[in-house]
Amino acid sequence: MVLARYGYILRKFNPNDLESVIYINRTCLPENYSPSFFLEIYQNCPEGFIVAEIENKIVGYIMCRLEFGFSEFKRLKLVRKGHIVSIAILPEFRRKGIATKLITEVLKFLNESKINECFLEVRVTNEPAIRLYKKLGFNIVRVIPGYYLDGTDAYVMAIDLVNFFKK
Ligand code: ACO
Ligand code: ZN
């Protein structure tokens, strides 16, 4: 998973990274979690928790959980799905394609694990993130009114990996 030619590397999270990941999460997002929440996600899906590093400094992370539930694409079908719980890149390292690469790695892992869909929630006001997800092929599938603590609505966005990897 090493991509040194881009000036950063991606590697799997390990519990020693917890402090850095919590720092990035608190710096970048209002949705903050307890240390045990991060570790639970890691235990649920170690391959779906990836960090980006530049010169030994963690500058971003993605964490994904595996879930079982109704498909967003096939009516009334129960499927395994990837749920991108959180992604963030420190402000000075944005617009370098790091988030795109982190998500692509997670989607590849899901596809290799025969998991055909992935979803996430995002604030309806978070234009940078919505653009990023749309560019990758996620679509808005529904709105959850008042999803966030401050009352903001969420879009649920999802991607059908069968189509994504056929391209
Ligand atoms: N304005 C407009 N479009 C943007 C922006 C922006 N500020 N940021 C990214 N995009 C779009 C662009 O189309 C961009 O392509 P381009 O640079 O060629 O124009 C494309 O997304 C890919 O951008 P990346 O460089 O891969 O994204 P980056 O590494 O900068 O990370 C992220 C994007 C994660 C949204 C970052 O801005 C961030 O950490 N924001 C704060 C935290 C956050 O909002 N996280 C998502 C919350 S939802 C969730 O976690 C499930
Ligand atoms: Zn979520």
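Along the sequence shown, residues are numbered consecutively beginning with 1.
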Rounded to the nearest 0.5 angstrom, the CD-SG distance for E67 and C45 is 10.5 Å

Rounded to the nearest 0.5 Å, the NZ atom of K166 sits from the CG atom of D160 at a distance of 8.0 Å

message: Is it the case that atom CD in E19 sees more than 12 heavy atoms from other parts of the structure closer than 6.0 Å?
response: no

I'd like to check C64 versus F49 (side-chain heavy atoms, cut-off strictly below 4.5 Å). Are they in contact?
no

Main-chain N/O of L29 paired to N32 side chain as donor or acceptor, under 3.5 Å: yes

Using a 3.5 Å distance criterion without hydrogens, assess whether the side chain of D17 forms a donor-acceptor pair with backbone atoms of I58. no

For L10 and A52, the nearest pair of non-hydrogen atoms, with its separation, is CD2-CB, 3.6 Å

Minimal heavy-atom distance between P30 and R123, with the atoms involved, is CG-NH2, 3.6 Å

**Message:** Quick one about S86 and Y61 (side-chain donor to acceptor, distance below 3.5 Å, no hydrogens or angles considered), yes or no?
**Reply:** yes

Neighbour count above 12 (heavy atom, 6.0 Å) for E92 CD
yes

If we only count heavy atoms from C-beta on, is the I159 to L107 side-chain gap below 4.5 Å?
-> yes

Around atom OH of Y23, are there more than 12 heavy atoms from other residues, nucleotides or ligands closer than 6.0 Å?
no

Taking F68 as the starting point, is it possible to reach I115 by hopping between hydrophobic residues whose side chains are less than 4.5 Å apart? no

Is a side-chain donor or acceptor of R80 paired with a backbone partner of S113 at a separation under 3.5 angstrom?
-> yes

Nearest heavy-atom contact between I54 and G7 is CG1-O, 3.6 Å

Between the NZ atom in K77 and the CD atom in E117, the distance rounded to the nearest 0.5 Å is 9.0 Å

field: Ring centres under 6.0 angstrom apart (Y33, F38)
entry: yes

Checklist entry - Side chains of P128 and R95: does their closest heavy-atom pair fall under 4.5 Å? => result no

CE (M157) and CG (L120) are apart, to the nearest 0.5 Å, by 6.5 Å

Quiz item: Does the side chain of F37 come within less than 4.5 Å of M63's, by heavy atoms?
Solution: yes

| said: If hydrophobic clusters are built from ILVMFWY residues whose side chains come within less than 4.5 Å, do L132 and F164 share one? | reply: yes

Q.
If you define the side chain from C-beta out and look only at heavy atoms, does anything of Y8 sit under 4.5 Å from I98?
A. yes

Q. Short question: side chain of R94, backbone of I89 - any donor-acceptor pair under 3.5 Å?
A. yes

Discussion item. Please determine whether a side-chain nitrogen of the Lys or Arg among R142 and E72 lies less than 4.0 Å from a carboxylate oxygen of the Asp or Glu.
Written reply: yes

Connected to V141, directly or through other members, by ILVMFWY side-chain contacts below 4.5 Å are F119, I144, Y147, Y148, V156

Tell me whether L149 at atom CG has more than 12 heavy atoms from other residues, nucleotides or ligands lying less than 6.0 Å away. no

Paired with V106, the side-chain contact (heavy atoms from CB on, under 4.5 Å) test is passed by just one of I87, N111, I62, namely I62

ask   = Under 4.5 Å between any side-chain heavy atoms of E47 and K12, yes or no?
value = yes

Taken to the nearest 0.5 Å, the spacing of I103 CD1 from F138 CZ works out to 6.0 Å

- prompt: Does C118 reach the side chain of I84, with side-chain heavy atoms less than 4.5 Å apart?
  reply: yes

Rounded to the nearest 0.5 angstrom, the CD-CD distance for E121 and E31 is 10.0 Å

Min side-chain heavy-atom separation I50-R11 under 4.5 Å: no

Is there a donor-acceptor contact under 3.5 Å from the side chain of K74 to the main chain of V79?
-> no

Between P15 and L39 the two heavy atoms that sit nearest each other are CB-CD2, 4.2 Å

* To do: Answer with yes or no whether the hydrophobic clustering places F165 together with F73; edges join I, L, V, M, F, W, Y residues whose side-chain heavy atoms lie under 4.5 Å apart.
  => no

Between L66 and N44, is a side chain to side chain contact (heavy atoms under 4.5 Å, CB included) present by the stated rule, with each step listed? CA-CA 7 Å; L66 302 184; N44 169 284; 3.8 Å; yes

field: Candidate pair K57 and L90, rule side chain to side chain contact (heavy atoms under 4.5 Å, CB included), full reasoning
entry: CA-CA 11 Å; K57 176 188 157 83; L90 285 175; 4.1 Å; yes

